[in-house]
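Side-chain atoms are counted along with the backbone in the values below, which use heavy atoms only and exclude waters and symmetry mates. Note that the structure is predicted; figures quoted are calculated from it, not measured. When a residue number appears, it is its place in the shown sequence, counting from 1.
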Amino acid sequence: MWLLPSFRAALAWALLSLVLGTELSLQESLLLKSLGLSAKPSPKAPIPVPSVLWKIFQQRRTLPAADRAPRDGCRVEEFNVPGNIIRVFADRGHFLHQGQPQGLLCLQKLLYFNLSVLAEDELLTMARLEVRFSHSSYQPSGQGQLFELRLYRSSQLALQGTSPQGHSRKLLLEQSFAQLHKSLLFNLSTVAKDWRSFGRNLGLVLEISVSSSEDPVALASRGLQSPCGSISSFLDTSLLVVSLSPQQCKASRSKRSAQYPPGTGSALCKPRRLYISFSDVGWENWIIAPQGYLANYCLGQCPFPLTAELNSTNHAILQTMVHSLDPEGTPQPCCVPVRLSPISILYYDNSDNVVLRHYEDMVVDECGCR
Ligand SMILES: *[C@@H]1O[C@H](CO)[C@@H](O)[C@H](O)[C@H]1NC(C)=O
Ligand SMILES: *[C@@H]1O[C@H](CO)[C@@H](O)[C@H](O)[C@H]1NC(C)=O
Ligand SMILES: *[C@@H]1O[C@H](CO)[C@@H](O)[C@H](O)[C@H]1NC(C)=O
């Protein structure tokens, strides 16, 4: 099985200590590590969950099991790229200029996305910048005006309020709009890949200006609405990054959510119902969704003769035969998970970014005697 043995051991320990009510901290840190986290996140200024992540999360969860095509855990089908982690980075930059037009420039902001949380072996497969406005705006005064958006790559980090004007910077893209939409999307995959080399991420400069046949200062002095008016609906920018963590990724497996009765009744090996609530382990303030999930577990006897329903291996069948002859010398085969399915978890990481991550082998679907 693909899962790190340490993860399984950690999960088993965590569950066991829940049952025993013992100290969780060591088990917790083992579990967090296998989830790719250095410490338990404690979001300080969490950004709202981006709707695109909610949508993907809901889609993965609400499709009826039967309609669900076998899902490749290593692809984000919504974007058609390889990946098992989707992060949305909040912008940590600052305004260089906003408000009253300076010439034709309405807005100038340094954008900074700290990608250092990506593990070294993660493969970045997609990065998309979103520039958001609180509403779509039409041409403010309709006189052939255009909004012009420019994005530069800065070549000197100007995080502390210094104007990048004098600094060298490279134009990445330039686009004109007759109308500002609520959300503008730009493909930054190449830039973001390059940012991951040490010292290469110096941020971006976003500029929005208006081009008009009339000077905005003259317009304003005649009491007309400032041409920058609708740009004040600027909200924020964020960077959506898809990556592939090779350790935690395995090729396609059919997905089926199993609902099992509580562990009563038959003593034979079978899946038993176990609901793991993230608030019971004190994780409710950084795991956004789900609040818990049906993990199930395997329990029961593997008696002689083993029947086909017990999904045994030839080895297990022979072992029960030997066990029936020599119960003291040879144990019964063990009742263990033989089919598991994945879940997706939406959470805040240690830098308050929102992450949607796919985890294999989180739910026991079938058990067998092995
Ligand atoms: C980026 O984040 C890391 C921690 O994840 C931090 O150590 C580093 O200082 C941050 N870099 C900047 C420029 O903010
Ligand atoms: C983004 O740009 C990269 C590199 O130019 C390209 O390979 C990729 O297909 C683009 N993605 C989208 C969604 O257009
Ligand atoms: C064995 O596998 C079958 C499907 O292959 C499944 O229906 C059955 O529940 C499994 N047995 C156990 C004990 O999980």
Side-chain angles (χ1 to χ4, degrees), residues 1-24 26-28 30-31 34-35 61 64-68 70-71 73 247-248 250-278 280-281 290 292-343 345 358-370:
M1 291 268 155
W2 74 279
L3 240 181
L4 300 173
S6 65
F7 178 81
R8 265 198 238 151
L11 186 59
W13 271 110
L15 295 178
L16 187 64
S17 43
L18 271 185
V19 172
L20 302 176
T22 54
E23 180 64 67
L24 258 179
L26 174 64
Q27 289 80 358
E28 184 177 54
L30 284 172
L31 245 179
S34 44
L35 296 179
R61 227 159 56 123
D67 298 350
R68 211 152 19 192
R71 186 181 282 286
Q247 306 165 340
Q248 303 206 337
K250 198 202 160 196
S252 163
R253 178 158 350 167
S254 65
K255 183 167 177 171
R256 198 170 76 179
S257 296
Q259 304 257 334
Y260 295 107
T264 54
S266 165
L268 283 185
C269 171
K270 67 175 180 187
R272 318 284 169 151
R273 189 186 152 91
L274 170 68
Y275 183 82
I276 294 185
S277 156
F278 290 130
D280 287 350
V281 281
Y293 79 104
L294 208 50
N296 303 325
Y297 65 101
C298 294
L299 184 73
Q301 301 288 315
C302 292
F304 176 81
L306 283 181
T307 56
E309 297 80 68
L310 292 176
N311 299 313
S312 329
T313 55
N314 288 336
H315 177 270
I317 291 170
L318 286 167
Q319 191 175 334
T320 48
M321 286 169 66
V322 176
H323 170 76
S324 65
L325 298 173
D326 175 19
E328 299 296 301
T330 311
Q332 270 191 349
C334 298
C335 176
V336 294
V338 296
R339 213 175 72 130
L340 297 125
S341 56
I343 64 166
I345 301 181
H358 177 89
Y359 294 102
E360 289 288 345
D361 294 352
M362 294 289 280
V363 178
V364 173
D365 287 333
E366 286 169 19
C367 303
C369 292
R370 297 291 157 97

Problem set entry | Separation between CD1 of Ile317 and CZ of Phe304, rounded to the nearest 0.5 Å | 10.0 Å
Exercise. Pro303 and Gln332: which non-hydrogen atoms are nearest, and at how many Å?
Worked result: CA-NE2, 3.5 Å
Exercise. Atom CE of Met362 and atom CD1 of Ile276: how far apart are they, to the nearest 0.5 Å?
Worked result: 7.0 Å
Exercise. Going from CD1 on Ile343 to CG on Asp361, what distance comes out if it is rounded to the nearest 0.5 angstrom?
Worked result: 11.5 Å
For this session: Identify the heavy atoms of Arg273 and Tyr297 that sit nearest to each other, and give their distance.
Result: O-CE2, 3.9 Å
Problem set entry | Cys335 to Lys270 - nearest heavy-atom pair and separation | SG-N, 3.9 Å
For this session: Working to the nearest 0.5 Å, report the span between CE of Met321 and CG of Leu318.
Result: 6.0 Å
For this session: Give a yes/no on whether the SG-to-SG distance for Cys367 versus Cys298 is below 2.5 Å.
Result: yes
For this session: To the nearest 0.5 angstrom, please state how far the CG atom of Leu274 sits from the CG atom of Leu299.
Result: 11.5 Å
Seminar exercise, completed: Heavy atoms of Pro290 and Phe278 approach each other most closely as O-CD1, 3.2 Å
Problem set entry | Heavy-atom closest contact (Gln319 atom, Pro331 atom, distance) | NE2-O, 3.0 Å
Exercise. Are the sulfur (SG) atoms of Cys369 and Cys302 separated by under 2.5 Å?
Worked result: yes
Exercise. Roughly how far apart are Asp365 CG and Ser341 OG, rounded to 0.5 Å?
Worked result: 3.5 Å
Exercise. Does the side chain of Glu360 reach to within under 4.5 Å of the side chain of Leu340, using non-hydrogen atoms?
Worked result: no
For this session: Dump the intermediate steps for side-chain contact (heavy atoms from CB on, under 4.5 Å) on Val363 and Leu294, then the final yes or no.
Result: CA-CA 7 Å; Val363 178; Leu294 208 50; 5.7 Å; no
Problem set entry | Heavy-atom closest pair, residues Asn311 and Arg370 | O-NH2, 2.9 Å
Exercise. Are there more than 12 heavy atoms of other residues, nucleotides or ligands under 6.0 Å from atom CG of Asp326?
Worked result: yes
